[in-house]
Amino acid sequence: MNATEWKEKLSAIRDSFSVSIAKKPAENPEALEQRFLGRKGELALLLRDLKDIPLEERKPLGALGNAAKQEMEAKLAELKGSAPAAGPAVKADLDLTMPGWPLPKGTLHPLTHTMNRLAEGFLKLGFTMADGPLVEDDYHNFEALNFPPFHPARDMQDTFYVAAKDQGGKDMLMRTHTSPVQIRALEKAQPPLRVFHTGRVFRSEAVDASHSFAFHQIEGLYVDKNVSMADLKWTAATFMKDLFGSGVKTRFNPSYFPFVEPGAEVDMSCIFCKTGERCPVCKGTGWLEVMGAGMVHPNVLKAGKCDPQKWSGFAFGGGIERFAMLLFGIHDMRMLYENDLRMLKQVNL
Ligand code: DAH
């Protein structure tokens with residue numbers, strides 16, 4: 001055998017080794033080792049043939065042979081390492097048809113839960129669910145709600161503007177409250193109208209225990225003939241009792257929102273107060289502010305193409321996080337967004 005023939009033989013052995021080692025399912029590594037590297041193995045025999053080749057050509061061939069040997073050894077070691085270990089012995093009496101471990105169950109997020117509760121309460125009172133977009137135009141979020149351009153009340157809500165403009169070239173923004181749904185609802189249907197909406201709102205605010213840049217609100221609107229403040233008070237009181245129990249009282253304080261006149265802040269009696277202690281939740285006042293409300297401003301009715309001489313209405317709105325925190329005794333709003341399963345699992349109403 002000359003040097004060229006020897007090299008060809010080596011390359012043929014390497015090829016057949018590569019094919020054998022790549023087989024699926026894998027061949028037995030010990031058998032492969034025997035076949036290629038064993039004392040009478042293909043490579044060993046070839047290395048032995050080196051003696052017939054002149055000395056000066058033998059050296060580089062020997063190096064090639066050894067390199068091939070090392071490579072094969074490494075591949076075989078790898079194959080041995082990855083061979084599946086024999087699995088645990090299956091006991092003969094193991095019944096594989098038995099049910100498995102119970103899967104952990106999910107829970108509703110406290111905010112989802114609260115929104116569902118609110119929705120149930122309003123559906124019972126004959127309200128239907130209304131909807132509106134999160135990215136709003138200036139018209140629905142402000143102007144139609146009686147916030148004229150440059151009105152100082154716009155500054156009450158720090159607005160996130162988006163780069164896009166509406167078709168009229170006006171600003172688009174992330175809605176700062178759910179009140180634009182009032183306008184959306186009036187655009188879709190004329191009174192008598194009783195709608196509510198729950199959803200997300202956005203304000204450019206620093207996050208702390210009671211603020212977030214994205215939170216949730218509920219909005220309600222009732223427009224009909226002869227709707228009065230008394231209807232609003234009854235509705236607010238009924239819905240608060242539905243949510244927090246029949247012992248809860250409600251009171252109204254005068255307040256200002258451009259889209260209602262008169263406007264009010266709605267307080268509920270504190271559900272955490274224990275007699276004789278200064279309550280940390282209501283700071284000892286006995287009352288918690290939970291919503292804004294009022295009689296729909298004539299300009300809002302006009303924006304909704306309703307004649308204020310013929311129709312009147314009330315509206316209300318407030319933060320859902322606040323309700324969720326009161327319902328579940330959560331003291332820091334940030335806990336609602338951290339999605340710590342230990343906290344979420346405690347909500348089990
Ligand atoms: N949109 C108001 C806010 O975000 C809350 C509000 C106040 C809603 C009075 C109303 C209302 O419908 O009548 O602060």
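Numbering of ligands and ligand atoms starts at 1, following listing order.
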State the atoms of ligand 1, each with its element, that fall below the 4.0 Å cut-off from a heavy-atom position in Gln182. 12 (O)
Give a yes or no on whether the ring-centroid distance for Phe314 and Tyr222 is below 6.0 angstrom. yes
Under the side-chain contact (heavy atoms from CB on, under 4.5 Å) criterion, do Glu33 and Lys80 qualify, and how do the steps go? CA-CA 11 Å; Glu33 191 167 25; Lys80 282 184 195 165; 3.2 Å; yes
Is the NZ or CZ atom of Lys75 both under 6.0 Å from the centre of the six-membered ring of Phe17 and within 45° of that ring's axis? no
Atom indices of ligand 1, in the order listed, that fall short of 4.0 Å to a heavy atom of Gly294: 13 (O)
Ligand-residue contact atoms, ligand 1 with Gln217, heavy atoms, under 4.0 Å: 3 (C), 4 (O)
Under 4.0 Å from any heavy atom of Phe257, which atoms of ligand 1 are there? 7 (C), 9 (C)
contact_flag Phe259 ligand 1 heavy-atom lt 4.0 Å: yes
Quick check on contacts: which atoms of ligand 1 are under 4.0 angstrom from a heavy atom of Ser179? 1 (N), 8 (C)
Val195 with Val181, same ILVMFWY side-chain cluster at under 4.5 Å: no
Looking only at distances, please establish whether an N/O atom of ligand 1 is found under 3.5 Å from an N/O atom of Phe316. yes
When you compare the side chain of Asp267 with that of Val290, does any pair of heavy atoms fall below 4.5 Å? no
Would you kindly say whether Asn116 and His113 are connected by a side-chain donor-acceptor distance under 3.5 Å? no
Is a side-chain donor-acceptor pair under 3.5 Å present for His177 with Glu219? no
I need the nearest protein heavy-atom contact for atom 5 (C) of ligand 1: residue, atom name and distance, please. Gly317 O, 3.9 Å
Of the side chain and backbone of Arg175, name the one, both, or neither that has a heavy atom under 4.0 Å from an atom of ligand 1. neither
Would Ala315 count as a polar contact of ligand 1, with the cut-off being nitrogen or oxygen pairs under 3.5 Å? yes
Any N or O of Glu219 closer than 3.5 Å to N or O of ligand 1: yes
Is the Phe239-Phe122 ring centre distance short of 6.0 angstrom? yes
May I ask you to say whether Arg14 pairs ionically with Glu71, meaning some side-chain N is under 4.0 Å from a carboxylate O? yes
I'd like to know whether ligand 1 has Met291 as a neighbour, heavy-atom separation below 4.0 Å. no
Judged by non-hydrogen atoms, does Glu265 sit under 4.0 Å from ligand 1? no
Best match, Glu261, His297, Arg203: closest heavy atom to atom 14 (O) of ligand 1: Arg203
